[in-house]
Amino acid sequence: MKTSINFIPIDYDYFDFNGKNCIKIVGRTDGNKQVCVLDEFEPYFWAVFKEGTSDKRIREIQEKINKIKIETEFRTSIIEKTEICDKKYLGHEVKAIKIFVTNFKDCHPVADHLDYEEIIARREYDISMMTRYIIEKNFTPLVFKKITGEILNNSQEFGGIDNVLETDLAIKLEKLENLEKQPEFSPKILAFDLETSEFDAEKGEILMISIAGKNIKKVLTWKAKESKNKQDFVECYKNEEDMLESFVKIINKENPDILTGYFSDGFDMPFLKARAEKLGVKLSLGIDGSKPAFTRGKITSSSIFGRVHVDLFRFIDTVFSQYLQSETLGLDSVARELLGEGKKEHEFKKSEKIKEHEWKDFFEYNLQDSVLTYKLAEKLWPDMLELSRIIQEPVWDITRSGMSQLVEDYILHNLKNFNEITEKRPVHNEIEERRTKGKYEGAFVFQPIPGIYENVVMFDFTSMYSSVIVTYNLSKSTFLGNTQIKGNKNFKEANEADLGEEGKAYFSTKPGFFPIMLKEMVEKRKKYKSEYKKNENNLTKARSNAYKLIANAAYGYQGFFGARYYCREAAAATAALAKKSILETIEKIKKEGYQVIYSDTDSIAFLQEKKSKKEILELLGKINKNLPGIMELELEDFYKRGIWVTKRDGEFGAKKKYALIDEKNKMKIRGFETVRRDWCDLARELQSKVLELLLKEGTPDKALELVKKTIKDLKERKIKREQISIRTQLKKPLSEYKSITPHVIAAQKMKEQGFPLDIGMNLEYFIAETREKKALVREKVKLMDEKGEYNIKHYLEHQIIPAVENIFQVFNIDVKELAQDSKQMKLF
DNA sequence: GTCTAGTCTTTACC
DNA sequence: ACGGGTAAAGACTAGAC
């Protein structure tokens, strides 16, 4: 029976049937029915012919290709058909042959087979099946389409797959049409969280599992008995197996579109898998009863068919963290910032030592983790939705992709508008080759003169590097070479970039697909930003942010060695032309009679002096009138005061370190220890207050009093331990450290205490007094729960004084002397 | 053993 | 392996004396 429905695709997967590739997409109708759409997939790749290959020769080769047959123990693949097409490859017009192969997995072997000197490139065998399918069918994730097809009911069509599906409907796709008006859609989200007896799944058990959603809050456990004073949300089971089975049942009954956890790729899912296997429980979480699948990579990812498993931490880590103030990305701090509530406090103990009332606290703690994760997922949903629609990749993928992957996916899905054959992914030795080329010259940073300045104006270029790429058409396909070829028409009007010692780079003036795509991104970002300002809502904000994200990553993408469209020259030229532009702008501002005091990459700070704001804006307009292409300078802000300090050693001004205060007394602090996570709070808070007092008052008196008081408190041991804790991240495995720093010692101590060391974890320690005189800092390291007193000398000389010394030097005040004076006072 | 330049390391800026 | 380069700064470390 045929039917037509409005359908929104959510989760994508594929399977093989009779040696062919088939696609299964799970989504919802506008009436919220769950549907699985099944479709066949026609895999193909391209072979590109050398320029000038005769039609006759092309047909000869086509005949030979048609006869290729690949036999493996699993299936036989043949060339289903071939087509000769006019295409573009890296912007050039080419003849190419489109080769359809029975099974996607055999594209690469067939491509390896094509050994003809006329074939200069074999392409697109390395594009994932899902990406290819979405491109071919224009079946964009999370966009409603009108689909028509045959309802499958106990059919043998796809090997009887519809029989095991728990969906309301299974349809064999026949027609796909766009919908003008998009129905509303919000997915059903469920969050879960495990508590275990050990961090290691080999040794530990799952003590409890919490589940939270719109209408559900539960903790499943086998560590409590049914009783009258049991908490309502707790469900008791007789053992771990029963609990796991019930977890599976509840997930299937609730039937969420999205199952989310916090760090669940790294912890909860692998743990669940390990325990389920050990206990012989089938983890049938998929809508067809399938187990979660695990893909290996640097970080293992886990997927469940029919539900999108989202590890919120990964999305926040790569995409959302830039919008957060929080210094760490743990559930507690992220939830506090976005939701205004944090995790429950809890002291972890070994199971046998937990008393009954402590179990109750533990259950509440466990539930709260899921509740927070659920609320965060709801809050971040617009951002995941918009990013998925813009990149045109499923939510599962975009929540796990790095920046370069997001940019690349955007390109892949948009190349069809340019009739372009996609460049291949670099292979291992190509990556090595790219990496050995080393760095190129980057941005310009102005050497500031230390001092406190009044009335500072800050200009900056809007999306500078993106604007440069678009304006000068910098990309792999528009790169012409490093030397000018005489008489070549392309070069006559080429864009030139001076790369210094590396010579010059030339780029075509005929717009390439990469700069064109980037221009569209910048324009759309502008459009949705103004739309958001007119009518503030989460979706336009998320859309604007998503475009901004991709546009900002475009420059890094071209310089990234793993990119398909890697072009070191384009990246180097972007930095070089940006540098040229900012230097010229600085000169222009100077010529107009202003004193420029600082500049970093895309911003310029100068003194307003006696000029009015109107005159400053006129200056801005004048500069903008003469800027090429889409380059644009804008007013960042007016500041009533700003401070720049010297470097620790030497008399020169420190770059990337300054503090400003605007007319509303709002501070902007950059680079100072205040904003550095690896300094103790005492030093950071003191410095922050000192900067604020100085910038508000313009005189050092009040700030100096504060420093004196802090030194006094420190010496009198009045400082609380949390104020002097030093937090440093563990960036690699302990064995890889060449130099044994204090934080390595802290890590070793934690390991000895039985804490698992994870890369990226924060280590917390303090510097303690020692009985004997120890030369090295690392010999004084103690963990926060160790006994001992803080080392007054260390905190004075290595935290407090360094944090404020350079600031007071601007006023010719020697803080070191001051500290010594008070030391002598105490001695007498 | 002590001094110092250089290296390693983390974190920031844009 | 899973954007880029520029920069500050602390602590360790190797080499010179």
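Below, all heavy atoms of this structure are taken into account, side chains as well, without hydrogens, waters or symmetry copies. Chain A is the first sequence line, chain B the second, and so forth, proteins listed ahead of strands; every chain is numbered from 1.
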Aromatic contact, A/F514 with A/Y565 (centres under 6.0 Å): no

Shorter than 3.5 Å, N or O on both sides, protein versus nucleotides 6-9 of chain B: list them out with atom names.
from	atom 1	to	atom 2	distance (Å)
B/dT9	OP1	A/K738	N	2.7
B/dT9	OP2	A/K732	NZ	2.9

Touch class at under 4.0 angstrom, heavy-atom based, for A/Q558 against every strand present: nothing

Atom-pair distance (CZ on A/F459; P on B/dC14), nearest Å: 17 Å

Those residues that, when tested against A/S688, pass side chain to side chain donor-acceptor pair (under 3.5 Å) (two or more places apart): none

Length of the CD-P vector between A/E636 and B/dC13, whole Å: 13 Å

Touch class at under 4.0 angstrom, heavy-atom based, for A/K647 against every strand present: sugar-phosphate

Phosphate-side-chain proximity, A/R677 and B/dT10, N/O vs OP1/OP2 below 4.0 Å: no

Sugar-phosphate, base or nothing in reach of A/F652, heavy atoms under 4.0 Å: nothing

A/Y323 and A/F320: CA distance, side-chain angles, deciding distance, ring pair (Phe, Tyr, Trp, His ring centres under 6.0 Å) verdict: CA-CA 6 Å; A/Y323 309 116; A/F320 206 78; 5.3 Å; yes

Rounded distance in Å between the P positions of B/dT10 and C/dC2: 16 Å

Distance in Å, A/D383 CG paired with A/I316 CD1, rounded so as to fall on 0.5 Å steps: 10.0 Å

Touch class at under 4.0 angstrom, heavy-atom based, for A/A571 against every strand present: nothing

For residues 726-736 of chain A, dump all side-chain donor-acceptor pairs below 3.5 Å to protein atoms at least two apart in sequence or in another chain.
from	atom 1	to	atom 2	distance (Å)
A/R727	NH1	A/S725	OG	3.1
A/R727	NH2	A/D681	OD1	2.8

5' to 3' contact window, DNA chain C with chain A (heavy-atom distance under 4.0 Å): C/dA1 to C/dT13

Close residues, residues 391-410 of chain A, relative to DNA chain B [heavy-atom separation under 4.0 Å]: none

Donor-acceptor pair under 3.5 Å, A/R676 side chain vs B/dT10 base: yes

Listed once per pair and sorted, the salt bridge (Lys or Arg N to Asp or Glu O under 4.0 Å) pairs that draw on residues 393-406 of chain A, sequence neighbours left out: A/D265-A/R400

Integer-rounded Å distance: B/dC13 C1' and A/F446 CZ: 17 Å

Sugar-phosphate only, base, or nothing, as touched by A/G671 at under 4.0 Å among non-hydrogen atoms: sugar-phosphate

Atom pair CZ/CD1 of A/R132 and A/I134 - distance to nearest 0.5 Å: 11.5 Å

Donor on one side chain, acceptor on other, A/D409 and A/Q405, under 3.5 Å: yes

A/K656 NZ - B/dT10 C1' separation (whole Å): 16 Å

Ring-ring centroid check A/H743 A/Y737, cutoff 6.0 Å: yes

Side chain to side chain, A/F672 and A/I807, heavy atoms closer than 4.5 Å: yes

A/Y555 OH to B/dC13 C1', straight-line distance once rounded to whole Å: 14 Å

Sugar-phosphate, base or nothing in reach of A/H794, heavy atoms under 4.0 Å: sugar-phosphate

Interatomic distance, A/K668 NZ vs B/dA12 C1' [rounded to whole Å]: 14 Å

A/R670 side chain near B/dC13 phosphate (N/O to OP1/OP2, under 4.0 Å): yes

